[in-house]
Colleague: 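Sharing a structure, written as structure tokens. Questions coming.
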Amino acid sequence: MDDDILSNLTPPQLEAVIHKDGPMLVIAGAGSGKTRVVTRRIAYLISQGVWPSQILAMTFTNKAAKEMKSRVAALVGEEPRACGTFHSCCARFLRSDIELLKTGRTRDFTIYDTSEQQSVLKKVLKEANLKLPEGMTPRAFHELISMAKCRRQPFFDFAVGENLTAPERLAKIADLYEEKMVQLNAVDFDDLLYLTAKLLEEHPDVRDIYHNRFRYILIDEYQDTNHLQYELMRLLVGPSQNIHVTGDPDQSIYSWRGADYHNIMSFKDDYPDARIVRLEQNYRSTQVILETANHLIVNNGNRFEKNLFTDNDIGCPVVDITTGTDLQEAEWVCQKIMTLRATGEDLKDIAIFYRTNSQSRTLEEAFVRNHVPYQLLGGIRFYERAEIKDFLAFLRLKVNKSDIISLERIIGCLGCGIGAATTAKLEGIALEQHKPLVEFLAAPDFESRYPKANAKVKAFAKFLRNLLEIPMAPLAECVEQVLELSGLEDKYEGQINAEDRIDNMHELISNAITFADEHDDADLNSFLQEVALVADVDAHDANADFVTLMTLHSSKGLEFPYVFITGVEEGLLPHANSLYDEDGVEEERRLFYVGITRAKKQLCLIHCATRMMWNHREPRMPSRFLAELPEECVTKLYYGYRNYRK
DNA sequence: AAGACGGAGGTTTTT
DNA sequence: CCTCCGTCTT
């Protein structure tokens with residue numbers, strides 16, 4: 001059925017698929033077959049003689065990229081080579097060309113995650129003896145750095161523009177942070193995009209190479225691009241202007257990350273010759289669900305008018321249920337799921353969405369109690385687990401010997417009797433000898449260079465030498481040997497979660513083996529850089545027999561026959577922190593819209609009269625959005641909620 | 001100078 | 001409830 005590139009397409013879908021040269025914008029409503037269009041178009045291009053290596057496809061998640069690759073492969077037997085998230089594509093570009101930028105970074109750079117980015121900030125503040133303004137956390141400050149970079153503004157200008165207090169001091173700290181990142185041979189997430197844009201801008205010769213290589217560029221979820229990504233796109237698009245973007249302004253939910261849906265609204269201004277195709281027929285949801293979604297979203301002011309319709313069945317009403325407590329909320333969801341299972345439904349067809357990760361806990365407990373198998377996406381991500389970060393620190397240091405943040409982590413988790421003071425002292429001595437710290441410690445003649453070292457330091461230096469001596473190839477053997485040398489298994493042995501933690505570390509090894517199988521050019525460096533950009537939603541297994549739990553944000557791009565959205569309450573959806581302006585509320589409404597439009601057959605919206613929040617039972621109000629739903633589509637129910645009056 | 005222990009403080013969403 | 005930070009003890 002789907003095995004032929006041009007079969008089973010509606011006229012607008014067909015137009016989007018067979019469009020070959022020049023810019024094109026596809027406004028694709030929820031469930032309108034967007035993924036199908038994008039994959040068919042890639043397959044079509046390949047069937048028309050375009051080489052797979054000439055196609056650059058940027059998606060929002062690695063999962064979407066993976067799916068795109070495999071669906072294209074199923075159609076034409078070949079997959080586009082450059083296919084990934086903005087961040088992973090840029091990481092790949094930088095892996096080959098970062099040295100041209102002469103920032104001092106090498107191709108062995110490390111990608112720091114948010115917590116490491118904060119560690120760098122803290123380190124910088126301490127070293128320079130500077131303080132952030134009262135009430136500003138390193139995390140909040142890094143967000144400002146990120147916003148400035150995403151707007152491609154010097155931090156000082158940004159700070160002045162945003163009316164921040166003490167802009168000079170903040171800019172000083174931001175500069176020190178950048179300097180430190182260079183010293184560490186590290187990049188943060190924004191740097192991946194920022195440095196790639198800089199590379200293309202400053203090196204016309206490199207830009208020409210990319211223009212020649214990527215004759216066709218596709219960008220998915222274009223409504224979620226930020227200014228930096230927009231500029232990156234402009235730089236990547238060659239003279240032939242073969243740029244094909246798809247998106248839906250109503251599903252723009254990442255403005256807090258700098259995403260600006262005006263990018264999609266103004267695409268036709270950037271490319272006046274652009275063909276515009278609208279996909280407005282929904283193939284996913286029942287009429288009731290679609291009507292509910294449409295009725296909700298018209299409450300947003302600034303929209304790209306769109307009229308989504310479906311020929312599907314009417315379907316059963318949306319359930320809007322009030323429960324007394326969050327515990328009852330979880331219990332009701334469980335009961336309902338068990339009923340569905342008893343009537344022959346598969347658990348893999350059921351998903352529960354919520355606004356914040358912390359809401360998952362009560363649900364998980366109920367699932368455990370009721371023996372309902374579930375898989376949780378997000379929350380504490382695999383690669384954020386302490387044991388995995390420990391393990392990665394050893395591996396990272398092997399590739400990037402400037403990565404002092406990883407060195408400090410290694411020192412910390414070895415428990416080898418070396419602390420911050422000793423580390424600082426060693427750093428000072430290494431500096432005196434004009435040697436990077438790791439090189440200084442791991443030098444074969446370390447003991448003669450620094451005879452005053454005590455036994456602990458000597459032992460650590462020897463450990464480091466052994467670590468660095470492990471060959472980096474083949475990948476799997478390297479990873480195994482590093483785990484063995486690190487002693488991490490012994491360290492976690494005897495702790496409460498020992499088994500899980502050790503399993504997790506072994507899972508990392510099998511991830512490395514899989515990675516080596518899937519990539520011919522796999523080495524330790526490329527493995528680590530890939531791992532730094534993997535989100536949990538990418539690990540979602542759509543075929544396992546589990547109920548799926550995730551945030552509303554992670555649900556984008558997925559679909560399930562049965563969808564439950566919990567905590568549809570004021571303060572949670574819309575979230576309390578988004579009430580400061582109307583734009584914030586509109587984004588929350590879009591988020592709710594995204595959640596609703598994931599459902600194919602049935603949708604349940606749940607809110608509680610009271611909820612435990614930081615150990616207090618708080619009274620809760622139903623979300624304002626519930627009042628915006630069409631009455632004729634919604635059935636109201638009550639569970640464990642007695643004092644109800646109509 | 002390191003590590004254990006206790007108190008305070010703080011929860012949006014993610015590459 | 002859990003994480004981070006500072007103090008206290010060794």
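Letters A, B, ... mirror the listed sequences (proteins, then strands); counts begin at 1. In this text the structure is predicted, and so the values were computed from the model without any measurement.
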Colleague: For A/D250, what residues pass the salt bridge (charged side-chain N to carboxylate O under 4.0 Å, His left out) criterion, not counting sequence neighbours?
Modeller: A/R303, A/K306
Colleague: Please list all pairs passing the side-chain hydrogen bond (donor to acceptor under 3.5 Å, both in side chains) test where one or both residues lie in residues 451-463 of chain A, with sequence neighbours left out.
Modeller: none
Colleague: Using the six-membered ring for Trp and the full ring for Phe, Tyr or His, decide whether A/Y254 stacks on the six-membered base ring of B/dT14 (centres under 5.5 Å, planes under 30°).
Modeller: no
Colleague: Find the distance A/Q529:CD to B/dT15:P and express it as a whole number of Å.
Modeller: 18 Å
Colleague: When the aromatic ring centroids of A/H142 and A/Y177 are compared, is their separation below 6.0 Å?
Modeller: yes
Colleague: Give the rounded distance in Å between these two atoms: CE of A/M136 and P of B/dG10.
Modeller: 15 Å
Colleague: With centres under 5.5 Å and planes under 30°, do A/H553 and B/dT13 count as stacked?
Modeller: no
Colleague: Salt bridge or not between A/E201 and A/K198? Use side-chain N to carboxylate O under 4.0 Å.
Modeller: no
Colleague: Give A/I418 one of three labels, base, sugar-phosphate or nothing, depending on what nucleic acid heavy atoms sit under 4.0 Å from its own.
Modeller: sugar-phosphate
Colleague: Would you mind listing every ring-ring contact (aromatic ring centres under 6.0 Å, His included) that reaches into residues 111-139 of chain A, with sequence neighbours excluded?
Modeller: none
Colleague: Please report the distance, rounded to the nearest Å, between NZ in A/K149 and P in B/dT15.
Modeller: 18 Å
Colleague: Measure CD/A/E586 against P/B/dT13 and give the value in whole Å, please.
Modeller: 22 Å
Colleague: Give the rounded distance in Å between these two atoms: CD of A/E143 and P of B/dT13.
Modeller: 11 Å
Colleague: Which whole number of Å gives the distance between the C1' atom of C/dG6 and that of B/dT11?
Modeller: 22 Å
Colleague: Of the nucleotides B/dT13, B/dT15, B/dA1, which has the atom closest to the A/T422 side chain?
Modeller: B/dA1
Colleague: Can you identify which nucleotide, out of B/dT11, B/dT12, B/dT15, has its nearest atom closest to the A/S358 side chain?
Modeller: B/dT11
Colleague: Any side-chain heavy atom of A/T423 sitting closer than 4.5 Å to one from A/F460?
Modeller: no
Colleague: Got a sec, which residues hit side-chain contact (heavy atoms from CB on, under 4.5 Å) with A/A128, two or more places apart in sequence or on another chain?
Modeller: A/L130, A/L176
Colleague: Quick one: which of B/dT15, B/dT13, B/dA1 gets closest to the side chain of A/H87?
Modeller: B/dT15
Colleague: Look at the side-chain N and O atoms of A/N577 and state whether any lies under 4.0 Å from the OP1 or OP2 oxygen of B/dT13.
Modeller: no
Colleague: OP1 or OP2 of B/dT14 versus the side-chain N and O atoms of A/N357: is any pair under 4.0 Å?
Modeller: yes
Colleague: Any side-chain N or O of A/S554 less than 4.0 Å from the OP1 or OP2 oxygen of B/dT13?
Modeller: no
Colleague: In whole angstrom, give the distance that lies between atom NE2 of A/H575 and atom C1' of B/dG10.
Modeller: 12 Å
Colleague: Quick one: ring pair (Phe, Tyr, Trp, His ring centres under 6.0 Å) partners of A/Y194, sequence neighbours excluded?
Modeller: none
Colleague: Expressed in angstrom and rounded to an integer, what is the separation of A/L591 atom CG from B/dT12 atom P?
Modeller: 14 Å
Colleague: Would you kindly give the CG-to-P distance between A/L572 and B/dT11, to the nearest whole Å?
Modeller: 15 Å
Colleague: For A/F60, what residues pass the ring pair (Phe, Tyr, Trp, His ring centres under 6.0 Å) criterion, not counting sequence neighbours?
Modeller: A/Y254
Colleague: Please enumerate all residues that pass salt bridge (charged side-chain N to carboxylate O under 4.0 Å, His left out) together with A/E364, with sequence neighbours excluded.
Modeller: none
Colleague: Using a 4.0 Å heavy-atom cut-off to protein, can you give one letter per nucleotide of nucleotides 1-10 of chain C, 5' to 3': B if the base is in contact, S if only the sugar-phosphate is, - if neither?
Modeller: BS--S-----
Colleague: Check the phosphate of B/dT15 against A/T114, side-chain N and O only, distance under 4.0 Å to OP1 or OP2. Yes or no?
Modeller: no
Colleague: What protein N or O atoms touch nucleotides 4-9 of chain B N or O atoms at under 3.5 angstrom, if any, and at what distances?
Modeller:
none

